[in-house]
Structures are given as structure tokens and as C-alpha cells.
Amino acid sequence: MAPHPVDRPLISAHQLTKQFGDFTAVGGIDFEVRAGEAFGFLGPNGAGKSSTMRMIGCVSPPSAGTLRILGLDPAADGPQIRGRLGVVPQRDTLDEELTVRENILVYGRYFGLPRSVVRERAAELLDFAQLTDRADSIVEPLSGGMKRRLTIARSLVNNPELLLLDEPTTGLDPQARHVLWDRLFRLKRSGVTLVLTTHYMDEAEQLCDRLVVMDGGRIVAEGSPRQLIAEHATREVLELRFPADDHAAYAVKLDGLVPRIEVLPDRLLLYTEDGDTTAKAVHDRGLAPLSVLARRSTLEDVFLHLTGRTLID
Amino acid sequence: MNAAQRVARTVPIPAGAGMARALVERNVRAYKHGWITLLSGFFEPIFYLFSLGVGLGALIGEIDAGGGRAVAYASFVAPALMASAAMNGAVFDSTFNVFFKLKYQKLYDSVLSTPLGPRDVAVGEIGWALIRGLLYSTVFLFVAAVSGAVESWWGLLAVPAATLIGFAFAAVGMALTTFMRTWQDFEYVNLAILPMFLFSATFFPLATYPGVLQWVVQATPLYHGVALTRELMLGDIGSGILVHVLYLAVMGLAGVIASAHRVERLLLR
Ligand SMILES: Nc1ncnc2c1ncn2[C@@H]1O[C@H](COP(=O)(O)OP(=O)(O)OP(=O)(O)O)[C@@H](O)[C@H]1O
Ligand SMILES: [Mg+2]
């Protein structure tokens, strides 16, 4: 295994495109992922995140553009690249005919690792995934969170340099998510490069050094979570709910109060530098919202601003 | 670049990492949890041998095995049962089992995200069907020999012959399975298998058919499997054997290549 030169990006994509028939799932995107960073793809359903991840995972040939992973070309060197990747697909593809431990053993053998090595790795990884006490049970009856942890443990059997995680925590309860985040932090500290997709803003803010926001197969923004918020949102957001079905009517009454107002079906979002002052100004106009909430801006607001839609429909 | 790589670049065979054995190993492990299904494969042809060969054979007595040579019915039918069992086992493994793994279990999706490629999937699954077939036919040949239904030491070669039959049918079976959409489509498999089982000169000699039908029978793959196994077990060695071997080998290779292409088309898009 040749060491990868530090100065070259681990992944570089130029005008990367994926078409299914006439339909363009990924429409010519450019990005680079550097060694050791955690890079995120953020976007709503159908944005093209999984299609991009599958191309990086060398299981889906790009329709156009160039893609280099670990300095290699997936079209020519798929097996070599895949040998150095860990893949956590959006939907678990565990082997339900095997036990928890066997899932890791067998998967390790797919990488050509010797039996003694996979046995040792399996014991470590079961521990890492907190599944040691279920090691010899069949996979099928495990809970969703356990399966997800096993999928992640399995993806690490070959000590990957690059770990691809497609919505790693979707469907997990909050506690399980935090356990997983903790595991991912530890991996990152040990030098593994993480590429992940998510439509959870908090996840992106927690995990990603850098991210791109995708929508309709294109990249609509790029940067660190902090940069994106600074660039595309104000410091704070004031959320107002009114006792009415049509919030747009209230937006008119608040016209001119703040630089930007977003109308959602159930509430108004007022973008402001200071939520409390704006709340007072709303009252001064004689309006009495059912609820008032001043909060810091998040990536969700960035997304809303960029695409005019919420992330989770 | 070594010779194998050079061949791989010129012949349009989908990529593989030469790691098919890892998939075979996976199947062996999975079978350890469901070994009962392995057992049924042993008994079915042996039951047929006793009911038809020994039981019915007592009523029939001797039969003309071609070329005016009269043999006991058990010796006539045993090779056919062995060949048919090889076909049935291979088809079962490479259709139902592969369909389940392909459509429901999504096994190959995870396999293909490792260094293994579509060719490894095809070779691994078909190879596994062969290993099971090899086990079954060895046991069957032993039982047949003990019951006096094997006439020649050439009969030992019936085991590799049955493996070749398994290869041909497993490969084509897997290729066809990749086209199937629902479990109903498997009725077509039965529709092809049953007449072959009954009419490939299995239970009565080819000469029983009128001229044109003989040609039809001789075009089917199981006929070549039955004839090959029978000629070996009766010690009736001639150049015809090469034709049977060639027919089955070409069928198997075409099936492997087609399967690999289809796995690639279905999963790597
Ligand atoms: N194999 C395929 N054949 C045809 N269309 C596809 C295929 N895979 C994905 N698509 C389409 O491409 C678009 C992008 O899908 P993709 O799975 O990449 O989105 P995503 O961002 O991962 O969405 P989600 O958040 O729902 O997982 C979708 O409209 C989807 O229907
Ligand atoms: Mg997705």
C-alpha cells in the first residue's frame, strides 16, 4: 500500500455527473476531500447524496467528469480502491444468514485478510460496537441501532483510510446517535478520513469540518458549518407562531422589521442580529404571537435560505 | 501484466479480484446454520434409485442400452438419476438461492463494496453449487456401486462428469435468474426442468423416440449429461464423450460470463 502524498486531496471530483437514463441525479459537481478531515454532503431527499457516495465507493461508474480516489481512477483500479475504503451504505446490508461475529469475519475475508487477523479484528470491533454479548446471535432480531453499529463495525474490518457513511444515524434514537458520534470522533482522531451524508443539521455541525449543501444534483454552497451560517444566515432567528392557518398575512404586517422573513406553513422565521430586540418590536406593532422563540441560526436556516425549502419534508 | 490480466483485458469478462473463494467460504458458513437443506439433496436421488432402479427394475429386467447391449434396468437408470440430480441441485442453488440473495437479502450489494467484483460473485456462486454437487454425486455413486448399478471402473469419472453437468446448469441458471422479477417467474424453470428430467433418455433409451424427436432430445443439455454419465458408468467409452463434454463446458462458460455481466448491469449502475 503506497502512502498517500499529504499535499494531494484524498478525493477529487471534477464535473462529476451521474445519469440514470435521461434523469440527472448528480449534475456536474466539483469537490475535494483532504486527508484527515470529516467532509459532509448535506441535502434533502433526492439531492444526489447517495448517488455521489456510490460513485466514490466505486460501485457506480460516473456518467461524466473525473473522479480520483486515493490518487487512483475508480474505472481502472476499483478493487484496489475498495480495498482501502470502509463503506456504510444508507440501508444496512448485513448478512442475515450469519451471526453478528460471522458478519465481521466473513466481510474481512472479502478483503483477503488472513483468518487469524479477522478473528482478532472481530473481537476488537465487537467491543467497539458494544456488541460483544450478542456476538453469537443471529443478526435478524437485532434492534435497528445495533444493526447500524454492526454495519459500522464491519466497515472498519480492513482498517480503512477513508470511511464513507451514508446517513449513519438515520433511524437511531438520540442516545444511540450520540454513541455513534462519539465512535466517529474517535476514528477521526485516529486519522481516518470521514465522508458522510446527512439531512440532520446538528449532525453536520457536530461532525463535519467542511461540507457541501446539495440540492437537485448540484452543490449550492460549500464551507465549514460556521462559515456557511455567517455567509447565508444572520446571527439569530426569531420564530413566531400565530393562531392562523395563513402565516403569510402576518409576514406582511411585519414588513420592514428585519432584512428577511421566511414563511413556513406553521410559523414565521425572522432573520435578525438580535432576537430579543426584534421580539419586542413585534409586540410594539400590536401583534400577539402564540409563541415566540429566539435562537441561534443553524445550518437548517442556511439550507432554507439557499433552496427555499426545509430539509426534512 | 501477467497472462491472466492480459486475457482479462481482451476478453469482455466483467472485473473480478480473483477472490471468489471468499464468497464460497461465506456460503459454507451460512450452510452450517441450515445444514438440514444439505441433507435432502443426498436422499432424493437415492430414493429414486431404489424405487425405480431396484423396484421397477425387477419388473423390467434387462434393457437395450444402445448398440444391442443389454444391461440391467438399474444400471441403465442410475447414471440418468445421477445426471438429473446434478442438474436439479445446481438449478436450485443458482436460481432460488441466488434470487433470494440478489433481490431480498441484498448480499451482493455488500460484497461488491469490497474488492470483489461481479465476476467473483458469478464464479463464487457457481463454484459453490459445484461443491455441493460434488458431495451429492460422490455419495450417490457410492450407493449405486454398492447396489450393483455401476458396470465399470470408468464410472469413477461420473463424479467429475456430474460436476460438469452442475457447472453448465448452475451457470445458465444464475444468468437466467438475473432476469427474473418475481417468484412466479420460477414456474418457467420448472417448465424447462421437468420435461428434461422425464424425456432426456433418462428412463428409456433414445431409440424409443421416432426420428425427428430423437434430434430434439439430442439438442437438450440434460441429454448430453445423461449420455456422458451413462457411457462412463457402463464403460462404453467412445469419441461421443468429447461432444458431451464440449457441449456442457461451452454452456457453463457462456453462463458464467453472462451471469457476471448481468450482476454488473443490475448492481453496479
Ligand atoms: N438506480 C437508480 N435508477 C434511477 N434513478 C435513481 C437511481 N438511484 C437514484 N436515482 C434517483 O436519483 C436521485 C438522487 O437519488 P439519491 O439516492 O442520490 O438521493 P439522496 O440525496 O441520497 O436522497 P435521500 O436523502 O432520500 O437518501 C433521486 O431522484 C433518485 O430517484
Ligand atoms: Mg441517500
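In the text below, chain A, chain B and the rest are named by the order of the sequence lines, each starting its count at 1.
Contacts of B/Leu267 with chain A are made by backbone atoms alone, with heavy-atom separations under 4.5 Å and no side-chain atom involved. Both the backbone and the side chain of B/Leu116 come within less than 4.5 Å of a heavy atom of chain A. Within the 4.5 angstrom heavy-atom criterion, no atom of A/Arg91 approaches chain B.
Here B/Glu25 is the residue among B/Lys101, B/Glu25, B/Lys32 with the most heavy-atom pairs under 4.5 Å with chain A. Most heavy-atom pairs under 4.5 Å with chain B, from the set A/Leu98, A/Thr151, A/Thr99: that is A/Leu98. Note on B/Lys106, B/Met19, B/Arg29: by heavy-atom pairs under 4.5 Å with chain A, the leading option is B/Arg29.
We find the CZ-CD distance between B/Phe100 and A/Glu96 to be 8.0 Å, quoted to the nearest 0.5 Å.
Around OH of B/Tyr48, the count of heavy atoms belonging to other residues, nucleotides or ligands within 6.0 Å does not exceed 12. Within a 6.0 Å radius of CZ in A/Phe20, more than 12 heavy atoms belonging to other residues, nucleotides or ligands are found. Other residues, nucleotides and ligands contribute more than 12 heavy atoms inside 6.0 Å of the CD atom of A/Gln15. Within 6.0 Å of the CZ atom in A/Arg183, the count of heavy atoms belonging to other residues, nucleotides or ligands exceeds 12. More than 12 heavy atoms of other shown residues, nucleotides or ligands fall within 6.0 angstrom of atom CD in A/Gln19.
Residues A/Thr93 and B/Ser110 share a closest heavy-atom pair of OG1-CB, 3.3 Å. Shown here for B/Pro115 and A/Pro79, the closest heavy-atom pair between the two residues is O-CB, 3.6 Å. Considering all non-hydrogen atoms of both residues, B/Gln105 and A/Asp95 come closest at NE2-OD1, 2.9 Å.
The stretch residues 103-112 of chain A places A/Leu105, A/Val106, A/Tyr107, A/Arg109, A/Tyr110, A/Phe111, A/Gly112 near chain B, each with some heavy atom under 4.5 Å from a heavy atom of that chain. Applying a 4.5 Å heavy-atom cutoff, the residues of residues 50-61 of chain A that approach chain B are A/Arg54, A/Val59, A/Ser60, A/Pro61.
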